[in-house]
K.L.:
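I have a structure I would like to understand better, so I am pasting it below and will then ask my questions one at a time.
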Amino acid sequence: MSQAAVPLPSPLTGDQGALLSRFAADADGSALLWASGYLAGAARALAPTALAAATAPVIAPTPATVLYGSQTGNARRAAEALHAQLQDAGLPARLLRADAYPLRELGNETLLYLVISTQGEGDPPDDAIGFAEFLHGKRAPRLAQLKYAVLGLGDSSYADFCGIARKLDARLAELGAARVQALGEADLDIDTVAAPWREAALGHARELLKPTPAAHLATVTPLRPHAAPTWSQERPFLAELLANQPLSGREFKGTGFRRYAAPDKDVRHLELSLEGSGLSYEPGDALGIRHRNPDALVDTVLAATRLDGDSVVEHDGESLPLSRWLAERRELTRLARPVLAALAERANARELAQLLEPGNSALAALLGDHQLVDALRRWPADWDAATLVAALRPQVRRLYSIASSRKRVGDEAHLTLDVLRYHAHGSDHLGAASGFLAALEEGAELPVYIEPNERFRVPADASRDIIMVGPGTGVAPFRGFVQERAETGASGRNWLFFGARHFNTGFLYQTEWQDALRKGELHCLELAFSRDQVGSPHRDVRALARDSHQKIYVQQRLREQGRDVFDWLQNGAHLYVCGAIDMGKDVHAALLEIVSAHNGGDADAAADYLAGLQREGRYARDVY
């Protein structure tokens with residue numbers, strides 16, 4: 001039998017308690033936090049003598065700053081975990097996203113924990129670009145009083161693993177700061193490195209930040225505790241697949257009736273039911289998918305290693321058949337340095353060992369065009385099942401930009417999926433997650449969760465214009481943006497730049513964009529079909545190259561419309577870019593040219609202009 005709760009003694013009168021209860025019931029989290037600080041300050045003001053007499057004056061330590069830069073949310077979660085540990089230990093600390101950090105305060109910091117992910121090949125995430133540029137610039141202050149530690153999150157399938165974390169760690173030391181613990185470099189199994197790094201950080205913080213004596217601390221009990229998300233990456237929701245429809249078309253082949261060539265790409269539109277989950281999202285957020293590696297992919301790995309899929313492997317306290325480890329727990333497509341290191345050792349492969357030597361630029365090419373099975377075939381080795389499971393990385397969760405607005409589709413989330421299929425190294429290859437999703441039939445269930453992207457949102461001011469650049473499946477979030485703006489009656493204009501290889505096969509959501517133009521939900525549409533050249537019987541005149549050899553991409557369309565693009569930005573428009581990393585770099589270069597050409601011709605001023613837009617939240621990128 002449970003024991004009845006004992007009410008805590010309270011100095012409040014009945015009316016005061018009732019007023020406080022009504023306030024707590026109606027207020028949101030930010031209001032409650034503000035009120036707690038306000039009331040604590042008021043209490044100190046009322047009784048300064050009593051507080052001073054309690055003990056000798058104690059100077060409160062300067063709070064530690066936990067600063068994070070995150071592209072997909074992993075670094076944010078790691079920083080939040082550290083911040084929670086510091087608070088639970090009674091240590092003063094604040095948590096800030098890098099683009100919200102007041103750079104003028106860096107010179108006065110005494111303890112800084114930086115948690116940052118690496119984007120692409122050694123670049124910072126978008127929300128940390130400004131911080132990284134400031135730290136490496138001439139205005140960065142000397143930091144002799146600062147103690148710091150850096151935790152980098154990365155993906156060892158990239159050659160410059162945790163590259164930005166290494167650069168910032170070295171730069172802080174160069175500016176005179178004292179490193180209190182070694183740089184942490186976490187791969188996709190983040191907590192293997194992040195958890196002990198946080199424990200070490202907590203230990204140093206206990207030494208550097210002595211908790212204020214209890215007489216000077218107000219213990220705040222949350223009036224309404226924050227509810228943890230019901231569904232998460234660790235505990236995903238089983239969503240029903242409502243539709244799995246092909247989006248890409250096919251070219252005509254010859255003059256025969258309904259004769260088509262094979263499609264050069266397989267792009268799907270997926271609709272998932274979130275009914276009953278309580279999950280909510282905003283346009284710009286992503287849907288995380290826990291996939292199962294396709295059987296064909298598992299079979300190729302088993303064949304290359306000559307192992308029995310039924311053999312049972314015990315690893316990390318879990319016992320499963322090898323085939324299940326490969327299908328559900330291990331990454332089978334993206335190569336990484338630790339896997340290659342294990343392969344080089346077992347195969348006694350000197351060539352591979354040389355590729356793994358620091359500074360060997362050829363490693364990036366290998367990581368870019370080899371799947372796991374290609375490496376296993378190229379450097380045959382004797383494996384046992386347990387060693388293979390231990391060598392392979394944990395399966396990587398995939399994130400897909402949500403292509404819908406809940407205001408239009410209700411309890412659904414739509415995705416735009418490019419199914420990866422290609423032939424290389426003498427065999428056909430299939431994407432793990434995209435192959436899994438493409439094979440699902442309507443009615444199937446798959447584990448999902450929401451990954452918020454707070455930097456990639458439609459403007460809060462609905463009168464602002466927006467410019468969207470999204471070639472290929474990068475157009476997905478902008479379908480949601482246009483739906484959201486239409487459903488909310490936003491008065492700002494919407495301008496979309498879209499590109500693909502071919503008009504016939506790659507014009508995703510063509511009829512929807514045409515309908516949106518007709519209804520006034522989309523105001524401008526610029527198209528670039530890079531492989532449609534002069535002479536094509538199915539060409540869009542505005543999207544053709546000026547000669548038969550030139551390929552036209554969205555960045556060329558931006559340059560052509562440069563005057564209007566700059567005018568829109570000058571008048572407060574928000575700019576969004578979504579798609580491949582290389583495309584994002586090309587678009588950024590085009591924007592620098594546009595701003596420079598229409599703003600005095602100063603390249604440095606153009607870079608500052610775009611950096612200013614990013615700081616204001618008016619230039620956002622979702623690149624991958």
Side-chain angles (χ1 to χ4, degrees), residues 72-73 229 231 237 239-245 247 267-289 399-417 437 446 448-498 507-525 573-579 617-618 620-622 624:
T72 63
W231 308 106
F237 172 72
E240 180 185 356
L241 181 64
L242 302 176
N244 185 348
Q245 303 166 342
L247 272 183
V267 181
R268 306 291 183 92
H269 173 75
L270 275 60
E271 298 180 0
L272 300 164
S273 172
L274 303 180
E275 185 176 359
S277 68
L279 288 171
S280 64
Y281 64 86
E282 298 296 330
D285 289 344
L287 194 72
I289 300 289
L399 296 176
Y400 294 93
S401 297
I402 296 175
S404 55
S405 163
R406 288 187 303 125
K407 292 180 176 63
R408 178 165 292 184
V409 304
D411 287 335
E412 296 181 11
H414 297 180
L415 304 179
T416 310
L417 173 72
L437 291 170
L446 64 154
V448 304
Y449 59 95
I450 302 296
E451 186 62 62
N453 188 353
E454 296 174 356
R455 285 180 52 82
F456 210 78
R457 294 274 196 269
V458 295
D461 180 354
S463 68
R464 294 293 185 101
D465 297 331
I466 64 173
I467 302 171
M468 302 164 285
V469 183
T473 55
V475 80
F478 303 136
R479 182 176 183 262
F481 277 27
V482 172
Q483 290 180 356
E484 180 85 1
R485 303 255 288 178
E487 294 299 318
T488 57
S491 59
R493 297 170 296 174
N494 305 321
W495 188 357
L496 175 64
F497 287 78
F498 174 77
F507 195 173
L508 307 181
Y509 300 112
Q510 175 187 353
T511 57
E512 289 191 23
W513 300 131
Q514 291 171 333
D515 190 49
L517 284 167
R518 181 178 58 81
K519 293 179 178 178
E521 297 173 359
L522 185 64
H523 301 83
C524 307
L525 176 62
H574 288 231
L575 173 64
Y576 304 89
V577 181
C578 183
R618 289 177 49 212
R621 303 189 304 169
D622 184 4
Y624 38 83

K.L.:
Using modelled atom types and a 3.5 Å cut-off, is there a donor and acceptor pairing between side-chain atoms of Asp285 and backbone atoms of Asn453?
P.N.:
yes

K.L.:
Please report the closest heavy-atom contact between Met468 and Phe481, naming both atoms and the distance.
P.N.:
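Answer, listing the atom of Met468 first, then Phe481: SD-CB, 4.1 Å.
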
K.L.:
Which pair of heavy atoms, one from Pro452 and one from Arg457, lies closest together, and at what distance?
P.N.:
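Reported closest heavy-atom pair: CB-NH2, 4.3 Å.
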
K.L.:
At their closest point, which heavy atom of Cys578 faces which heavy atom of Gly474, and how far apart are they?
P.N.:
CB-O, 3.3 Å

K.L.:
Taking Phe498 as the fixed residue, which of Tyr509, Phe507, Phe478 is the one that meets the ring pair (Phe, Tyr, Trp, His ring centres under 6.0 Å) rule?
P.N.:
Phe507

K.L.:
Does atom CD of Gln514 have more than 12 heavy-atom neighbours, drawn from other residues, nucleotides or ligands, at distances under 6.0 Å?
P.N.:
yes

K.L.:
Is the backbone of Ala403 close enough, under 3.5 Å, to the side chain of Arg479 for a donor and an acceptor to pair up by distance?
P.N.:
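Here the side-chain-to-backbone pair exists.
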
K.L.:
If we ignore hydrogens and angles and just use 3.5 Å, is the side chain of Trp231 paired with the main-chain N or O of Gly278 as donor and acceptor?
P.N.:
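The answer is no, because no donor-acceptor pair under 3.5 Å joins these two groups.
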
K.L.:
Strictly distance-based, threshold 3.5 Å: is any side-chain N or O of Arg455 a donor or acceptor partner for the main-chain N or O of Ala620?
P.N.:
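Not a single qualifying donor-acceptor pair exists.
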
K.L.:
Considering residues, nucleotides and ligands other than Glu454, do more than 12 of their heavy atoms fall under 6.0 Å from its CD?
P.N.:
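Counting other residues, nucleotides and ligands, CD of Glu454 stays at 12 neighbours or fewer.
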
K.L.:
Let me confirm one number: the CZ-CD distance from Arg406 to Glu487, rounded to the nearest 0.5 Å.
P.N.:
12.5 Å

K.L.:
Once rounded to the nearest 0.5 Å, what's the spacing between atom CG of Leu417 and atom CG of Asn244?
P.N.:
7.5 Å

K.L.:
Working to the nearest 0.5 angstrom, can you tell me the gap between Arg493 CZ and Ile467 CD1?
P.N.:
9.0 Å

K.L.:
Could you please spell out the steps behind the side chain to side chain contact (heavy atoms under 4.5 Å, CB included) verdict for Leu437 and Leu241?
P.N.:
CA-CA 10 Å; Leu437 291 170; Leu241 181 64; over 6 Å; no

K.L.:
Given 3.5 Å as the limit, does a donor-acceptor pair link the side chain of Arg618 with the main chain of Ala573, or not?
P.N.:
yes

K.L.:
Would you say the side-chain atoms of Asn494 pair up with the backbone N or O of Glu521, donor to acceptor, closer than 3.5 Å?
P.N.:
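Side chain of Asn494 to backbone of Glu521: a pair is present.
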
K.L.:
Are the side chains of Gln483 and Val409 in contact, using a 4.5 Å heavy-atom criterion?
P.N.:
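Yes; the side chains approach each other to less than 4.5 Å.
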
K.L.:
Which residues pass the ring-ring contact (aromatic ring centres under 6.0 Å, His included) test with Tyr400, sequence neighbours left out?
P.N.:
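Residues passing ring-ring contact (aromatic ring centres under 6.0 Å, His included) with Tyr400: none at all.
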
K.L.:
Are side-chain heavy atoms of Leu272 and Leu242 found at a separation under 4.5 Å?
P.N.:
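They are not in side-chain contact.
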
K.L.:
Charged N to carboxylate O below 4.0 Å: is that the case for Lys407 and Glu484?
P.N.:
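Salt bridge: yes.
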
K.L.:
From Leu446 CG over to Leu270 CG, what is the distance, rounded to the nearest 0.5 angstrom?
P.N.:
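Spacing of CG (Leu446) from CG (Leu270) equals 8.0 Å.
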
K.L.:
Is a donor on one side and an acceptor on the other found under 3.5 Å between the side chain of Glu271 and the backbone of Ala243?
P.N.:
no

K.L.:
Hey, could you give me the CH2/CG distance between Trp513 and Leu525, rounded to the nearest 0.5 Å?
P.N.:
8.5 Å

K.L.:
Salt-bridge test for Glu512 and Arg408: reply yes if a basic N is under 4.0 Å from a carboxylate O, no otherwise.
P.N.:
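No, no charged N to carboxylate O under 4.0 Å.
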
K.L.:
Of the non-hydrogen atoms in Ser404 and Pro283, which two are nearest, and what is the gap between them?
P.N.:
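Closest heavy-atom pair between Ser404 and Pro283: O-CG, 4.1 Å.
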
K.L.:
Parallel under 30°, tilted from 30 to 60°, perpendicular over 60°: which one fits the rings of His574 and Tyr576?
P.N.:
parallel

K.L.:
Ala413 and Leu274: which non-hydrogen atoms are nearest, and at how many Å?
P.N.:
CB-CD1, 4.0 Å

K.L.:
Measure the CG-OH distance between Leu279 and Tyr449 for me, rounded to the nearest 0.5 Å.
P.N.:
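With rounding to 0.5 Å, CG (Leu279) is 12.0 Å from OH (Tyr449).
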
K.L.:
Take Val577 and Asp622, measure what side chain to side chain contact (heavy atoms under 4.5 Å, CB included) needs, and give me the verdict at the end.
P.N.:
CA-CA 6 Å; Val577 181; Asp622 184 4; over 6 Å; no

K.L.:
Give the minimum heavy-atom separation between Leu415 and Ser401, together with the two atoms involved.
P.N.:
CD2-O, 3.8 Å

K.L.:
Can you sort out the partners of Tyr281 under ring-ring contact (aromatic ring centres under 6.0 Å, His included), two or more places apart, ordered by chain and number?
P.N.:
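For Tyr281 there are no ring-ring contact (aromatic ring centres under 6.0 Å, His included) partners, ignoring immediate neighbours.
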
